[in-house]
K.L.:
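Take a look at the following structure, please.
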Amino acid sequence: MSIETTPASTPDPEWDKLISGLTATPADKAGSPLLQKTVDVPLNRPDLLGDLPLTPEWVRTSAGWRTRAEVGKVNSTRAFRRWVRRQNTEHGHAAQTFRGMHRTFLWIQGTEGVQVATARREVQQAQDDYKTAKFGHGMRLIPTKQKEKLRREMETAFAGSVTAMTKYKSARKDARTRRAVRGTLVAAAVAVPEGAGIYLIGGTGGVIATGSALLAFALIGRRTTGGEVYTDRDAKIGDGDRLNEEMLNRVYRDARIISSDAVLGMLTPCLLTADGTAWEASFDLPSGTPTEKATAVVPALASGFGVTKAQVSQTGGDREGRINLRVSRKIPFTSGPVPGPLLHVERFDLWNAVPMGVSERGETVATEWFEKTGLFGGEPGSGKTSIANNLLLAAALDPTARLFLGDGKAGNDLRPFADIAEAIDTEGDPEALLRILEHVWQVILPECKRLAREHGVAGFSQALAKQDPRVRFTIVAIDEWASYMAMAEPKVAKELERLLRLIVQQGRAYGVIVLAATQKPDADAVPSGIRDIISTRWAGRCLTPQASDTILGQGRAKLGFNGQNILKDQRGVGLYQTGETADPTLMLSYFYDDGRKSGVNEVALLLDRAFELRAKAGTLPAGSVPLSDQLRALGDDDARVLAVLLDTFDAHLDGDGAPAEWLPGSVLVDALAAADAPLSADSLGRLVVRTDDEKAKRPWQGSRVVGYPRSRALITVRDRFGLGE
């Protein structure tokens with residue numbers, strides 16, 4: 001009995017004492033089964049005693065009723081169509097009715113006919129014996145003693161004939177009586193309701209009584225001559241049918257997972273999810289059946305359910321032989337890409353969890369990347385760039401994060417990050433990548449270690465980052481590591497492997513996040529010594545289960561986590577595993593368009609924002625020399641004007657002590673005049689070209705005036721002189 005069905009009308013101190021310790025959810029306490037969240041039920045409420053099977057609370061909400069009503073409407077239509085098709089078979093209701101009438105007639109007739117026939121046969125045999133004995137006795141030339149013997153045999157045969165005739169008449173009378181009684185019962189069962197219905201209701205009552213009689217005959221004839229009862233053997237989720245225990249057992253038997261007489265041990269009922277997109281059930285396989293036997297035959301199960309293998313998800317439960325099944329009603333993640341949430345974020349703190357995508361349930365999958373490393377793999381076009389961009393763009397929006405990038409395929413995926421990256425190789429040059437890794441190993445990591453020793457800690461933390469701005473994340477992202485290794489000389493390849501392994505091993509505690517992406521991270525592409533110490537994995541579409549296992553770990557495909565089951569039109573979909581012991585989650589990566597899909601370059605917009613953040617924070621790669629000094633060193637008049645503008649913005653601090661984001665044009669013109677670089681307002685407008693929105697008036701010291709944003713001045717510096725990159 002679950003908490004929500006427990007009577008609460010009378011206070012029970014012992015009951016309250018029993019559950020008092022269950023209502024709290026301390027961090028160190030294992031979570032109990034949760035009810036699904038909906039609009040009507042915004043918070044998960046635990047099933048306190050963990051009773052199973054349980055029914056999610058959403059079933060009783062308005063959303064639950066709507067979902068069930070929609071499914072019921074579809075199922076009702078399909079059920080009627082199946083009923084029509086059924087009528088032409090031996091399981092049709094007309095056939096059942098006539099079969100029931102025939103069986104009723106046979107019951108009325110009974111088995112007494114056999115007894116009557118037997119008695120009649122005995123009479124015939126006795127009469128034949130009597131005739132034979134009488135003929136023998138009638139012979140005249142027989143000795144006296146022999147004739148006396150024949151006379152006695154004749155008398156015995158006559159007595160037997162009389163007895164047989166008496167037995168036959170008794171059997172025939174008994175049969176007629178029994179048949180009359182049974183016939184009367186059947187006639188009464190039909191006639192009495194018919195008469196009562198006509199008497200009480202009239203013609204309608206007669207119709208109802210007739211229908212009841214026909215229904216009774218149909219029930220009697222529901223089994224065929226072979227003893228079969230009608231079952232919807234072709235019911236499939238893909239045809240819109242609801243999942244039930246009968247279908248579940250049938251599918252698992254047809255897939256040869258369980259024997260023909262075995263049944264699954266249901267832990268939860270077969271339920272539709274709150275959003276109506278999938279059927280779910282949890283159950284135990286029969287004793288002695290391993291989980292692997294079920295997870296290894298997904299195609300057979302998909303055929304039984306009438307869906308694609310991408311719609312069937314089986315994961316092992318908390319013990320061997322336990323299955324958590326999810327069958328989607330439609331192929332998941334085929335409705336198009338999901339825009340990433342970073343588009344609506346001004347600045348990101350990499351100490352927070354990075355949103356990476358959405359799960360099958362529509363929930364956000366986020367990862368805290370501190371002390372983690374990532375390995376993303378899959379065949380070309382599976383979406384490796386899409387999943388990697390979630391981390392790289394989040395790191396770009398954190399102006400304190402340092403980016404070291406390498407693109408082994410010499411493509412354009414990482415080129416947009418060049419303006420904010422500390423070092424980048426976009427030509428696939430192993431020597432260039434070696435220099436990047438050497439810098440991280442010989443410069444960045446030693447600095448981090450010295451900083452940790454200075455604070456007397458073993459590694460970085462978010463609290464330490466708040467105390468000391470020198471505590472920064474370092475992102476080392478290498479796309480197509482396999483290409484680097486294939487093109488490198490043996491000596492260079494060996495050094496690349498050594499440095500990457502050292503950085504992965506020692507950099508985790510100091511905020512160094514290594515991200516490697518490749519098509520198939522096998523021993524030739526990514527050495528096992530590196531793969532084994534990378535904690536976060538993402539397996540996109542793979543050609544073989546072995547390729548999927550090289551990404552997620554040996555044996556994952558047999559447990560149901562197989563990248564081969566991902567369809568080609570599910571781009572950006574992958575099995576995402578965080579942590580060394582966590583089970584992978586099927587998810588769709590967030591998508592940031594580079595302009596090829598919608599014409600809007602969302603990646604460029606985010607990187608422009610990242611550039612502005614880093615320019616404001618002074619963390620651009622060339623930030624060691626003030627940007628204004630770099631401009632003055634050019635000896636150009638316009639560069640000198642822009643240098644004065646930047647100094648003016650830096651001199652006017654906002655409430656947080658940061659350089660002003662906007663200043664009136666009059667303030668800037670006065671500053672130029674004071675710096676012996678006079679410029680009119682019109683000339684300044686021609687030099688720093690603003691958008692219409694940026695020309696709008698803003699409040700300043702009690703009035704509204706026209707001004708210039710600092711970001712526009714920085715963009716002008718970048719566009720005119722290529723500085724600040």
Side-chain angles (χ1 to χ4, degrees), residues 30-33 47 50-56 228-229 231-238 241-273 278-329 332 360-361 539 542 544-546 548-549 552-566 575 577 581-586:
S32 55
D47 175 41
D51 294 334
L52 293 174
L54 65 89
T55 301
E228 297 179 353
V229 179
T231 57
D232 194 0
R233 297 174 178 81
D234 297 328
K236 297 179 184 296
I237 293 177
D241 300 304
R242 60 171 58 90
L243 178 66
N244 52 38
E245 293 186 29
E246 180 182 351
M247 181 193 298
L248 202 59
N249 282 285
R250 171 175 58 81
V251 170
Y252 274 73
R253 288 169 185 155
D254 292 345
R256 306 294 179 87
I257 298 173
I258 61 177
S259 60
S260 59
D261 57 347
V263 295
L264 302 172
M266 301 302 299
L267 300 175
T268 64
C270 301
L271 292 173
L272 194 65
T273 56
W279 290 96
E280 291 185 339
S282 296
F283 49 85
D284 283 335
L285 298 172
S287 178
T289 305
T291 303
E292 181 180 313
K293 187 175 182 180
T295 55
V297 291
V298 170
L301 294 176
S303 175
F305 289 124
V307 297
T308 66
K309 59 184 180 181
Q311 294 173 252
V312 179
S313 173
Q314 287 186 119
T315 57
D318 53 1
R319 68 183 190 188
E320 187 65 31
R322 180 161 292 178
I323 298 292
N324 297 318
L325 173 69
R326 177 185 175 92
V327 184
S328 300
R329 298 174 64 199
E360 286 183 286
R361 296 177 178 273
C542 298
T544 63
Q546 292 75 20
S548 179
D549 276 350
L552 299 176
Q554 190 63 34
R556 286 294 191 180
K558 291 184 178 180
L559 296 177
F561 308 109
N562 187 358
Q564 189 183 29
N565 294 333
I566 300 173
L575 291 163
Q577 174 179 311
T581 59
D583 285 336
T585 299
L586 186 66

K.L.:
How many angstroms lie between atom OG of Ser313 and atom CZ of Phe561, to the nearest 0.5 angstrom?
P.N.:
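Going from OG on Ser313 over to CZ on Phe561, the span is 7.5 Å.
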K.L.:
Taking the side chain as every heavy atom from C-beta outward, state whether Gln564 and Ser548 have any pair of such atoms under 4.5 Å apart.
P.N.:
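No, too far: nothing below the 4.5 Å cut-off.
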K.L.:
Nearest 0.5 Å please: distance from the CD1 atom of Ile258 over to the OH atom of Tyr252.
P.N.:
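Going from the CD1 atom of Ile258 to the OH atom of Tyr252 covers 9.0 Å.
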K.L.:
Without hydrogens or angle criteria, can the side chains of Thr308 and Gln311 be said to hold a donor-acceptor pair below 3.5 Å?
P.N.:
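Yes, because at least one side-chain N or O of Thr308 sits under 3.5 Å from a partner of the opposite role on Gln311.
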K.L.:
Got a donor-acceptor contact below 3.5 angstrom from the Ser282 side chain to the Thr268 backbone?
P.N.:
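Not at all, since once roles are kept as given, no pair shorter than 3.5 Å links the two residues.
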K.L.:
With distance as the sole test, does Arg253 use its side chain to make a donor-acceptor pair with the main-chain N or O of Ala262 at under 3.5 Å?
P.N.:
yes
K.L.:
Are Leu271 and Leu243 close enough that some pair of their side-chain heavy atoms sits under 4.5 Å apart?
P.N.:
no
K.L.:
Applying side-chain contact (heavy atoms from CB on, under 4.5 Å), run through Leu272 and Arg242 and close with a yes or a no.
P.N.:
CA-CA 9 Å; Leu272 194 65; Arg242 60 171 58 90; over 6 Å; no
K.L.:
Of all the heavy-atom pairs spanning Ala539 and Ile566, show the shortest one and how long it is.
P.N.:
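Looks like O-CD1, 3.9 Å.
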K.L.:
Under the side-chain contact (heavy atoms from CB on, under 4.5 Å) criterion, do Arg322 and Leu267 qualify, and how do the steps go?
P.N.:
CA-CA 9 Å; Arg322 180 161 292 178; Leu267 300 175; 3.1 Å; yes
K.L.:
Looking at Gly321, is its backbone amide N or carbonyl O close enough to the side chain of Thr291 to form a donor-acceptor pair, meaning the two atoms are under 3.5 Å apart?
P.N.:
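Such a contact is found between Thr291 side chain and Gly321 backbone.
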K.L.:
Is the shortest side-chain heavy-atom distance between Arg556 and Asn562 below 4.5 Å?
P.N.:
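Answer no - side chains too far apart.
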K.L.:
Can a salt bridge be assigned to the pair Arg319 and Asp284 using a cut-off of 4.0 Å between side-chain N and carboxylate O?
P.N.:
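Salt bridge present between Arg319 and Asp284.
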K.L.:
Would you say that Leu264 contacts Pro286 through its side chain, given a criterion of any heavy-atom pair below 4.5 Å between the two side chains?
P.N.:
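Sidechains of Pro286 and Leu264: in contact.
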K.L.:
Using a 4.5 Å cut-off on heavy atoms from C-beta on, say whether the side chain of Phe305 contacts that of Leu325.
P.N.:
yes
K.L.:
For Val297, enumerate each residue passing the side chain to side chain contact (heavy atoms under 4.5 Å, CB included) test, keeping only those at least two apart in sequence or located in another chain.
P.N.:
Ile257, Ala300
K.L.:
Could you measure the distance from the CZ atom of Arg250 to the CD atom of Glu245? Nearest 0.5 Å is fine.
P.N.:
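So the CZ of Arg250 and the CD of Glu245 are separated by 14.0 Å.
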K.L.:
Would you say Asp241's side chain and Ile237's backbone share a donor-acceptor pair under 3.5 angstrom?
P.N.:
no
K.L.:
Under the 3.5 angstrom rule, does the side chain of Gln314 hit a backbone N or O of Ala294 as a donor-acceptor pair?
P.N.:
yes
K.L.:
To the nearest 0.5 Å, what is the distance between SG (Cys270) and CD (Glu246)?
P.N.:
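The SG atom of Cys270 sits 11.0 Å away from the CD atom of Glu246.
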K.L.:
Please check if the side chain of Arg326 supplies one atom and the backbone of Glu360 the other of a donor-acceptor pair under 3.5 Å.
P.N.:
yes
